[in-house]
Amino acid sequence: VSQSRYVPIAGAQYEFTADMIEELRRCKNDIIYFAENFFYIVSTDDGKQKIKLYEAQKRMLLNMVNNRFSVNLASRQSGKSTLLTIFVLWMACFNDDHRAAIVANKESTAINIFKRVRMAYEQLPNYIKPGVKDYGKTGMTLGNDSSILVSTTTATSIRGDSLSTLAIDEVAFIESH
């Protein structure tokens with residue numbers, strides 16, 4: 001586990017102000033608030049910046065939060081993968097023992113999505129994010145015992161894992177077996 005200022009270790013102690021506690025409460029209760037105030041993306045034109053969600057993206061996120069099973073069909077470059085990263089990171093940060101897997105048709109795609117999760121996690125203020133127990137290229141376990149892992153869509157890739165969230169990206173390109 002890296003012990004940089006961007007990746008606090010599990011069990012790290014902080015002094016919380018009333019404002020910090022209010023921010024935590026708002027983030028836990030409102031994924032849109034969390035995304036628009038604390039989630040960073042890398043824009044081709046503008047570099048690293050907070051995300052600005054479109055109304056359709058807000059509806060997709062709320063659909064994922066409010067429905068246990070959610071399928072989103074959207075055009076290319078509409079932010080689907082980014083919305084998955086927001087949802088998975090939010091669920092892991094604000095729920096104890098949450099196990100999430102991000103699955104994609106190719107290992108490189110899954111790892112690239114997870115890089116975005118890691119970057120977004122690192123940009124969160126330390127008081128918002130749980131510390132980490134394990135922090136790797138293909139997964140992380142947080143101090144609240146939530147975890148995020150990535151995998152490909154092979155027949156045995158995540159077989160036997162008990163998951164709270166399964167986020168499948170590029171499902172149209174998954175080969176049938």
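Quick caveat: nothing in here was measured; it's all calculated off a predicted structure.
When side chains are defined from C-beta on, Val150 does not count as touching Ile113, because their heavy atoms never get closer than 4.5 Å. Between Ile148 and Tyr121, every side-chain heavy-atom pair lies at or beyond the 4.5 Å cut-off. The shortest distance between side-chain heavy atoms of Leu53 and Ile51 falls below 4.5 Å.
Residue Trp90 holds its CH2 atom at 9.5 Å from CG of Leu61, rounded to the nearest 0.5 Å. How far OG1 of Thr109 is from CZ of Phe114: 15.5 Å, rounded to the nearest 0.5 Å. One finds the CZ atom of Arg25 at 11.5 Å from the CD1 atom of Ile21 (value rounded to the nearest 0.5 Å). To the nearest 0.5 Å, atoms OG1 (Thr165) and CG (Leu84) are separated by 10.0 Å. Remark: Cys93 SG to Leu142 CG distance equals 6.0 Å, nearest 0.5 Å. The distance from atom CZ of Arg118 to atom CG of Leu89, rounded to the nearest 0.5 Å, is 12.5 Å.
Closest non-hydrogen pair, Ala92 versus Asn144, comes out as O-ND2, 2.9 Å. Taking all atoms of both residues into account, the shortest heavy-atom contact from Ala104 to Ala110 is CB-N, 3.7 Å. The minimum heavy-atom distance between Val132 and Tyr135, with the atom names listed, is CG1-CD1, 3.9 Å. The minimum heavy-atom distance linking Leu163 with Ala100 is given by the pair CD2-C, 4.3 Å.
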Requested in this report: Walk me through it: do Ser146 and Asp97 pass the test side-chain contact (heavy atoms from CB on, under 4.5 Å)?
Outcome: CA-CA 4 Å; Ser146 289; Asp97 303 306; 5.5 Å; no
Requested in this report: Please lay out, stage by stage, how Arg116 and Thr82 fare under the test side-chain hydrogen bond (donor to acceptor under 3.5 Å, both in side chains).
Outcome: CA-CA 8 Å; Arg116 293 161 59 178; Thr82 299; 2.4 Å; yes
Report task. Go through the steps to decide whether Ile111 and Thr138 satisfy the test side-chain contact (heavy atoms from CB on, under 4.5 Å), and finish with yes or no. Result -> CA-CA 6 Å; Ile111 288 172; Thr138 59; 4.1 Å; yes
Query raised in the report: Between Phe38 and Glu23, does a side-chain contact (heavy atoms from CB on, under 4.5 Å) hold up when you go through it step by step?
Result: CA-CA 10 Å; Phe38 295 102; Glu23 286 294 295; 3.0 Å; yes
Report task. May I have the step-by-step check of side-chain contact (heavy atoms from CB on, under 4.5 Å) for Leu149 and Ile102, ending in yes or no? Result -> CA-CA 6 Å; Leu149 62 95; Ile102 300 169; over 6 Å; no
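Among residues two or more places apart in sequence or in another chain, the salt bridge (Lys or Arg N to Asp or Glu O under 4.0 Å) test is passed with Arg59 by none. Applying the side-chain contact (heavy atoms from CB on, under 4.5 Å) criterion to Thr44, with sequence neighbours excluded, gives no partner residue. Here Glu55 pairs with Lys58 under the salt bridge (Lys or Arg N to Asp or Glu O under 4.0 Å) rule; sequence neighbours left out. Applying the salt bridge (Lys or Arg N to Asp or Glu O under 4.0 Å) test to Asp145 and every residue at least two apart in sequence or in another chain returns Lys133. Listed by chain and residue number, Met91, His98 satisfy the side-chain contact (heavy atoms from CB on, under 4.5 Å) test with Asn95 (two or more places apart in sequence, or in another chain).
Residue Met119 is found in a hydrophobic cluster whose other members, listed by chain and number, are Tyr40, Val42; membership requires side-chain heavy atoms under 4.5 Å apart, directly or through intermediates.
In this structure, the side chain of Asn67 does not engage the main chain of Phe69 through any donor-acceptor pair within 3.5 Å. Counting only distance, with no hydrogens or angles, the side chain of Gln123 and the backbone of Ala120 share no donor-acceptor pair below 3.5 Å. Using a distance-only test at 3.5 Å, with no hydrogens or angles considered, a donor-acceptor pair links the side chain of Lys129 to the main chain of Glu122.
Note that Lys50 lies outside the cation-pi zone of Phe39, set by a 6.0 Å cut-off to the ring centre and a 45° limit from the axis. Stacking of Arg26 on the aromatic ring of Phe34 is not recorded, the 6.0 Å distance cut-off and the 45° axial limit not both being met.
Classified by interplanar angle (parallel below 30°, tilted 30° to 60°, perpendicular above 60°), the ring pair Tyr127/Phe16 is perpendicular.
Enclosure of atom CD in Glu107 is not indicated, since only 12 or fewer non-hydrogen atoms of other residues, nucleotides or ligands lie within 6.0 angstrom.
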